[in-house]
Structure formats: C-alpha cells, structure tokens
Amino acid sequence: MGKETQFISVIKQYEGVIFKITTIYTDNKNDQQDLYQDIVYQLWKSFDSFRNEAKISTWMYRIALNTALTRIRKKGRQGISISIDKVVLEHTEAYDSQFEERLKLLYKQIGALNALDKGLILLFLEGKKYEEIAEITGLSLSNVGTRLARIKQKLKSQIVKN
Amino acid sequence: MDLDEIKATWSQMSDQLEQQKKLTDKIILEMTQQKYKNKFSKISMYETIGAVVCYVMAFYILLYMKELDTWYLLTLGIFTLGCLLVMPFLVLRSLKNIQRVDLVNSNYKEALIKYTQEKNRLLFLQRLGIYLGFFMLCTSLPVFSKINNGKDLFLSATTWLWYLPVMGVFFFFFARWGYRSYRSITDSAENILNEMDQ
C-alpha cells in the first residue's frame, strides 16, 4: 500500500476524533474547518515518523492536540457560539433536538475549561487509559489522576451553577 | 447534565460521527496539498512589511546622519536608528520561534509550555514595540525635521509647547490600556504554566 493510501485510511479511521478535537478547541465553523485542515496537514507532514511508532492513536492524538493548542485564535470572538450542532446532526436521518441541546451543554461545559484540561477531558471521554493519557500529554500518571479528579469537580460545580 | 450524562452524550455523538463519515479520498488529499494557512503566516507577513518600512527609514536616517550636527540630535538619531533596526528583528525572530514549536516530537505538556513561553515573549516584544514606537514619535520628530528641513526644533520652543503635553496625555492613556491588556493575556498564560507544575 502506498503512503497516500495508508494515510487516507488512517484519516478516515480517525475523522470523527479529529472532528471532536476541532470542536472543543474552536468556537465557530470557520475556525473549526481551518483547524481541521491544519491537523490533517500536520499529520500528513509527520506521517513518516508515525510509521516508526508503535501506537497510531497516541501519535494521532498528540499531533492533533498540539496543533489545536498552538494555533492562534482570531481575536474578537465573543463567548462560545456552538455552531457545530448542525454539522454533527445534519446528516443523520432522525433529528433529535434533545440530543442537540445536550450536545450544546456539553460543549459549553468543556469550552469553559482551560487548554490543558480540555485535552485531558477529551482523552478521558474518548476512553483512554491513564497510561495513554500520560503518554500523550507528558504528565505523570499521578498528575493525570489528580488533574482529572479536579476537572470532574470543576464540571460538577458548573453543572450545579447551571 | 451530570458526568454520566456527559459521558453518554459524548458516546452518542461518537457513534453518530462514525455513521456519518464524510471525508472522501479527494478531500483528504486536497487537505495535504493545500498550503498550510497558519494564522502566524499572516502575522509574519504584516510584521515583515513593517520591518521593511522600518529598515527603509533606518537607511534614510543613516544616509543623512551627518546632518545631525549637535550631540542631542545625534543621540536622538542613534536611538531612533537602534529602535528601527532592533525591534523588527526581535519580533520576527520571536514569530519564527513560535512556529518552530515541535508538534510532532513534543508531548502536549511540552508543546503547551513552549508555546506559552514563546507567545509571552512575542506579546512582550509587541507591547515594548508599541511603547517604543510612541516614544519614537517624540524622538524622531527633531531628527526628521533636521534632516528634511535643516531645522533644529530645540531652538524653536513653540513646537514642543504643544507637542509634548499632547503626546504626554495621549501616551498616558495609551500606555495604561496597553499594560492592562498585556497583563490580562499574560496572566492567563501564566496560570496555565503554574497549573502544569501542580
């Protein structure tokens, strides 16, 4: 299989994950699309390095999160205007307004976290084990545990406020 | 929405995303070919244009340096020249450093620390540039007046009588605004760095 074919298959496998990362790190559709492309471009640029690595998901999450993190956001955007709801649901056959509301709330709560915590909660919600989260983020295993406990606490207090 | 609901919603969204895969081979390949539109590229372009303007002005002062025939005009000329040459260089170098953050080999923590530090440095330089630029408005006036018209402004006090107070008041409000904005951005960056160590 050629490099391009392999890359396409990897991106297709992880397109949902990239979408979720772009959603929590941006607050409008244009920025989201820009970031999506940036991430795919960075993954392509470093695809050769992945082929020597053991775990594809670690490589993918690391580069995607780093790209999201080091990207300059346009100034002057106000608040968190969740424009992704339609993007997520427009292609589904059954439109579920309740689910869309829950999704908005979810992004609002995650959007209120800082950059580091956003990455951690995303990895946690993606079902990553603490060991892999530590590997991707460079935090110690105990630090991952402590931080995730704090984030959960933060989210709980946000939930109470709401 | 409690934590279990967050997890459930996330999981439901993941399932839906799995079902509605939209990327085609063509789109993916286009994304790899299209030029990377990093926001820094735009900023770099503006800063490069700014740097060229500064260097042209610096060259102009250098060319007519001999016209600055008193110690104070020469001092102001050298100061202005120094600012015009050094500041754009530092800003462009700082921008380059930000773009050099290694996204591939760094983990999330390393990338965040490096990026935050470089961003702070750039912000500091930009603020410094604004302050110096403002200061330069005062220092360059007599320099260019002497070079262009052969007139020593220090010998005709009337210009300074209105120029300095107006600039002083303007600078006070401008500097206060600049400092506050800078503090709020760097404080939030510092918080992230501090939290990393906890």
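All chains are named by letter (A, B, ...) in the order of the sequence lines, taking the proteins before the strands, and each is independently numbered beginning at 1.
When hydrophobic clusters are built by joining Ile, Leu, Val, Met, Phe, Trp and Tyr residues whose side-chain heavy atoms come closer than 4.5 Å, directly or via intermediates, B:L63 is grouped together with B:I61. Side-chain heavy atoms closer than 4.5 Å link hydrophobic residues (I, L, V, M, F, W, Y) into clusters, and following such links, possibly through other members, connects B:F144 to B:L155. Both B:I78 and B:W71 sit in one connected hydrophobic cluster of ILVMFWY residues. Membership requires side-chain heavy atoms under 4.5 Å apart, directly or through other members. Hydrophobic clustering (ILVMFWY, side-chain heavy atoms < 4.5 Å, transitive): B:L141 and B:V166 are in distinct clusters. Each of B:F89 and B:V56 belongs to its own hydrophobic cluster when Ile, Leu, Val, Met, Phe, Trp and Tyr are linked at side-chain heavy-atom distances under 4.5 angstrom.
The CD1 atom of A:I136 sits 15.5 Å away from the NZ atom of B:K109 when rounded to the nearest 0.5 Å. Expressed to the nearest 0.5 Å, how far NZ of A:K20 lies from CG of B:L17 amounts to 6.0 Å. With rounding to the nearest 0.5 Å, the separation of OG1 in B:T116 from CG in A:L69 is 6.5 Å. Rounding to the nearest 0.5 Å places CD of B:E110 at 9.0 Å from CZ of A:R62. Atoms CD1 and CD1, from B:I6 and A:I121 in turn, are 7.0 Å apart once rounded to the nearest 0.5 Å. In this structure, CD1 in B:I27 is found 11.0 Å from CD1 in A:I8, a value given to the nearest 0.5 Å.
In the displayed structure, A:Y130 atom OH is contacted under 6.0 Å by more than 12 heavy atoms of other residues, nucleotides or ligands. Heavy atoms from other residues, nucleotides or ligands lying under 6.0 Å from OH of B:Y60 number more than 12. At most 12 heavy atoms of other shown residues, nucleotides or ligands fall within 6.0 angstrom of atom CZ in B:F59.
For A:E126, the parts lying under 4.5 angstrom from a heavy atom of chain B are both the backbone and the side chain. Heavy-atom distances place the side chain of A:F7, and not its backbone, under 4.5 Å from chain B. Contact annotation for A:I110: only side-chain heavy atoms (C-beta onward) come within less than 4.5 Å of a heavy atom of chain B. With a 4.5 Å cut-off on non-hydrogen atoms, B:T24 touches chain A through its backbone but not through its side chain.
Residues B:W10 and A:L122 form a side-chain contact, since some pair of their non-hydrogen atoms from C-beta on lies under 4.5 Å apart. A 4.5 Å side-chain heavy-atom check between A:L125 and B:K7 finds at least one atom pair inside the cut-off.
Looking at every heavy atom in both residues, A:G138 comes nearest to B:N107 through CA-ND2, 3.1 Å.
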